[in-house]
Amino acid sequence: MATSPRMSQLYTRLAAINVDKPFVKNVVLPDWWDDEMAATDAGYARGLGIISQHLGVDLRQLWDDTAPIKYPACGKTNFKLNASLTKADVEWAKSVALSAAKFAARETKQPLRALPSAKSIRDQIIKAGASCVDLPRLLEFLWDHGIPVLHIDAKPKGAKKMAGLAARIEGRPVIVLSKNHPYNSLMLFDLAHELGHILRKHIDGDAVLIDAKIERDGQTDPQEVEANEAALEVLTGRTTLQFTHRNRYVKGEALAKMAVATGKTENIDPGVVAQNFAFGRDFFAVAGAACKIIEGDKSPVRLIEQMLLNNVDFANLADEDAEFLMKVAVTGEPNAVAAR
């Protein structure tokens, strides 16, 4: 269908702030939308309302053709950036993630329950019969406490990806992860790190903390150090830990064998053992080979998506909001559209 003059102008204005037309049409707007609907004032208002909701842009700016569209105001934000990224680089990734997380938080089936300490989280999971704190069990624990966890890497074409964020939305903590890690153990540490920010009270009110990149070693930022310590305590019971192997140049198969044995003895996910070894020596390829042996072809992204489907009441959301949440956070669904 042809694009109405109104929508053409709107797409041009959005493109000026790095929100490309395909992203708006394929992700932000619902599948039933036709640009010709904007020919009427009522139809145009409906489209602008949806764009405002899903992008987090002030509706008044969208209505005023002469006003510049600005980055969304998402409240107090603490950016943990690295040398290659600026706040502007990750603003749209942040805004899309928070818009989707808002819908998930509002319709999370479990009521919010207070989190215990990092050590107590680990103890409770182990006491419930788990051999270790792994990705499925930590996800289950958080959802049972009313804390949504989403995986979202959808963003406009010109934006850059973040590693994750921790936030409070209307009083409820939420976690969004964005890296497409191939192994549960890598995603597990990112999840535990964002949980660490919540446990150490680095977000207050309806604040947001953005991690452009999650670094396990060499941190100087006090909050990042605290989040890593809390993560390690949840996963291992200790705030500092470094595994070694008698063979400095160990291969993947031998590291996998050591990690499984150590994990069983220490009640630690063996993938976490292998990755911990790697981060102490920059042996990431070896750790990856070990995790491939240990974990096989598990998909951490699909696991996070399935937990979202199980724990959010999509039926209570408006159709266009449920579709948007599916598009950006459940990309494994056949009818979902992912912007990569």
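Nothing fancy with the numbering, it's 1 onward along the sequence.
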Point to revise | Within 6.0 Å of CG in Asp313, more than 12 heavy atoms from elsewhere | key: yes
Revision key, fill the gap. To the nearest 0.5 Å, atom CD1 of Ile69 lies from atom CZ of Arg60 at 13.5 Å
Exercise for review: Look at Glu305 together with Arg302 and state whether they make a salt bridge at an N to O cut-off of under 4.0 Å.
Suggested key: yes
Check your understanding: Minimum heavy-atom separation for Ile121 to Pro116, with atom names?
Key -> CG1-CG, 3.7 Å
Review point. Does a side-chain heavy-atom distance below 4.5 Å link Pro300 with Leu135?
Key: yes
Review point. With distance as the sole criterion, is a donor-acceptor pair present between the side chains of Asp35 and Tyr11 under 3.5 Å?
Key: yes
**Study point:** Check: Arg122 side chain, Leu235 main-chain N or O, donor-acceptor pair, under 3.5 Å
**Key:** yes
Practice item. Measure the CG-NE2 distance between Leu177 and His193 for me, rounded to the nearest 0.5 Å. Key: 10.5 Å
Exercise for review: Might you work through the salt bridge (charged side-chain N to carboxylate O under 4.0 Å, His left out) test for Arg238 and Glu266, ending with a clear yes or no?
Suggested key: CA-CA 11 Å; Arg238 289 164 259 185; Glu266 301 285 343; 2.8 Å; yes
Check your understanding: Take atom CD in Gln124; do more than 12 heavy atoms of anything else shown fall under 6.0 Å from it?
Key -> yes
Point to revise | From CH2 (Trp33) to NZ (Lys25), nearest 0.5 Å | key: 9.0 Å
Review point. Side-chain contact, heavy-atom cut-off 4.5 Å: Leu29 with Ile51?
Key: yes
Check your understanding: Are Asp31 and Lys327 close enough for a salt bridge, meaning some N to O gap below 4.0 Å?
Key -> yes
Exercise for review: Check for a donor-acceptor pair, side chain of Asp20 on one end and backbone N or O of Lys157 on the other, with a separation under 3.5 Å.
Suggested key: yes
Point to revise | Side-chain donor-acceptor pair present, Ser99, Gln53, cut-off under 3.5 Å | key: no
Practice item. Using only heavy-atom distances, determine whether the side chains of Glu224 and His197 contain a donor-acceptor pair under 3.5 Å. Key: yes
Review point. Is the number of heavy atoms from other residues, nucleotides or ligands under 6.0 Å of Lys109 NZ greater than 12?
Key: yes
**Study point:** Worked check of side chain to side chain contact (heavy atoms under 4.5 Å, CB included) between Asp319 and Glu323
**Key:** CA-CA 6 Å; Asp319 288 348; Glu323 183 182 328; over 6 Å; no
**Study point:** Distance, nearest 0.5 Å, that separates CG of Leu10 from CG of Leu62
**Key:** 6.0 Å
**Study point:** Main-chain N/O of Pro22 paired with Asn26 side-chain donor or acceptor, under 3.5 Å
**Key:** yes
Review point. Does Leu317 offer a backbone N or O that forms a donor-acceptor pair with the side chain of Asp321 under 3.5 Å?
Key: no
Point to revise | Residues Ile203, Val208; criterion side chain to side chain contact (heavy atoms under 4.5 Å, CB included); working and verdict | key: CA-CA 6 Å; Ile203 55 173; Val208 182; over 6 Å; no
Check your understanding: With Arg200, which of Glu233, Glu229, Glu226 fulfils salt bridge (Lys or Arg N to Asp or Glu O under 4.0 Å)?
Key -> Glu233
Check your understanding: Just by modelled atom types, is the Lys179 backbone N or O under 3.5 Å from a matching donor or acceptor in the His151 side chain?
Key -> yes
Review point. Which of parallel (below 30°), tilted (30 to 60°) and perpendicular (above 60°) describes His54 and Phe324?
Key: parallel
Review point. Can you name the closest pair of heavy atoms from Leu142 and Ile175 and give their distance?
Key: CD1-CD1, 4.2 Å
Point to revise | Basic-acidic side-chain contact under 4.0 Å: Glu170, Arg172 | key: no
Check your understanding: Okay, side chain of Ser52, backbone of Leu48: is any donor-acceptor separation there less than 3.5 Å?
Key -> no
Check your understanding: Is there side-chain contact between Leu303 and Leu139, with heavy atoms separated by less than 4.5 Å?
Key -> yes
**Study point:** Non-hydrogen atoms of Leu241 and Asn276 that approach each other most closely
**Key:** O-ND2, 3.0 Å
Review point. Using 4.0 Å as the upper bound for N to carboxylate O, is an ion pair formed by Asp190 and Lys213?
Key: no
Review point. Side chain to side chain contact (heavy atoms under 4.5 Å, CB included) between Glu320 and Arg46: does it pass, once the steps are laid out?
Key: CA-CA 11 Å; Glu320 61 267 21; Arg46 182 76 186 278; 3.3 Å; yes
Exercise for review: Please answer: with hydrophobic residues joined when any side-chain heavy atoms are less than 4.5 Å apart, are Val328 and Val301 in the same cluster?
Suggested key: yes
Revision key, fill the gap. Taking every heavy atom of Ala166 against every heavy atom of Ile198, the minimum-distance pair comes out as CB-CG1, 4.1 Å
Check your understanding: Is there side-chain contact between Leu308 and Trp143, with heavy atoms separated by less than 4.5 Å?
Key -> yes
**Study point:** Distance flag, aromatic centroids of Trp92 and Phe23, threshold under 6.0 Å
**Key:** no
Review point. Is there a side chain to side chain contact (heavy atoms under 4.5 Å, CB included) between Phe314 and Met326 once you walk through the steps?
Key: CA-CA 9 Å; Phe314 280 77; Met326 288 287 289; 3.7 Å; yes
Revision key, fill the gap. Partner of Arg6 under side chain to side chain donor-acceptor pair (under 3.5 Å), picked from Asp65, Asp41, Thr40, is Asp41
**Study point:** No-hydrogen, no-angle side-chain donor-acceptor test under 3.5 Å, Asp144 and Gln110
**Key:** no
Study note, to complete from the structure: All heavy atoms of Ala329 vs all of Ile152, minimum pair found to be CB-CG1, 4.0 Å
Check your understanding: Is a donor on one side and an acceptor on the other found under 3.5 Å between the side chain of Asp211 and the backbone of Glu194?
Key -> no
Point to revise | Gap separating the CZ atom of Arg13 from the CD1 atom of Ile17, nearest 0.5 angstrom | key: 8.5 Å
Review point. Are the charged groups of Glu91 and Lys155 less than 4.0 angstrom apart, N to O?
Key: no
Point to revise | Within-4.5 Å side-chain heavy-atom neighbours: Phe243 and Ile268 | key: yes
Point to revise | Euclidean distance, His181 NE2 relative to Ile304 CD1, rounded to 0.5 Å | key: 9.5 Å
Practice item. Indicate whether the side chain of Asp153 and that of Asn180 have a donor and an acceptor atom separated by less than 3.5 Å. Key: yes
Check your understanding: Are the charged groups of Asp123 and Lys119 less than 4.0 angstrom apart, N to O?
Key -> yes
Point to revise | Test item: Tyr44 side-chain N/O and Met37 main-chain N/O as donor-acceptor pair under 3.5 Å | key: no
Review point. So do Lys70 and Asp58 actually touch side chain to side chain, heavy atoms under 4.5 Å?
Key: no
Practice item. Would you mind reporting whether Arg137 and Val133 have side-chain heavy atoms less than 4.5 Å apart? Key: no
Practice item. Would you mind telling me which of Ile294, Val273, Thr265, Leu255 makes a side-chain contact (heavy atoms from CB on, under 4.5 Å) with Val260? Key: Ile294
Practice item. Give a yes or no on whether Leu115 and Val234 share a hydrophobic cluster (residues Ile, Leu, Val, Met, Phe, Trp, Tyr; joining criterion: side-chain heavy atoms under 4.5 Å apart). Key: yes
Check your understanding: Looking only at heavy atoms, what is the nearest atom pair of Leu112 and Gly171, with distance?
Key -> CD2-O, 3.7 Å
Practice item. Would you please say whether a donor-acceptor pair under 3.5 Å links the side chains of Ser185 and Glu295? Key: yes
Practice item. Measure the shortest side-chain to side-chain distance between Asp134 and Asn184 over non-hydrogen atoms and say whether it is less than 4.5 angstrom. Key: no
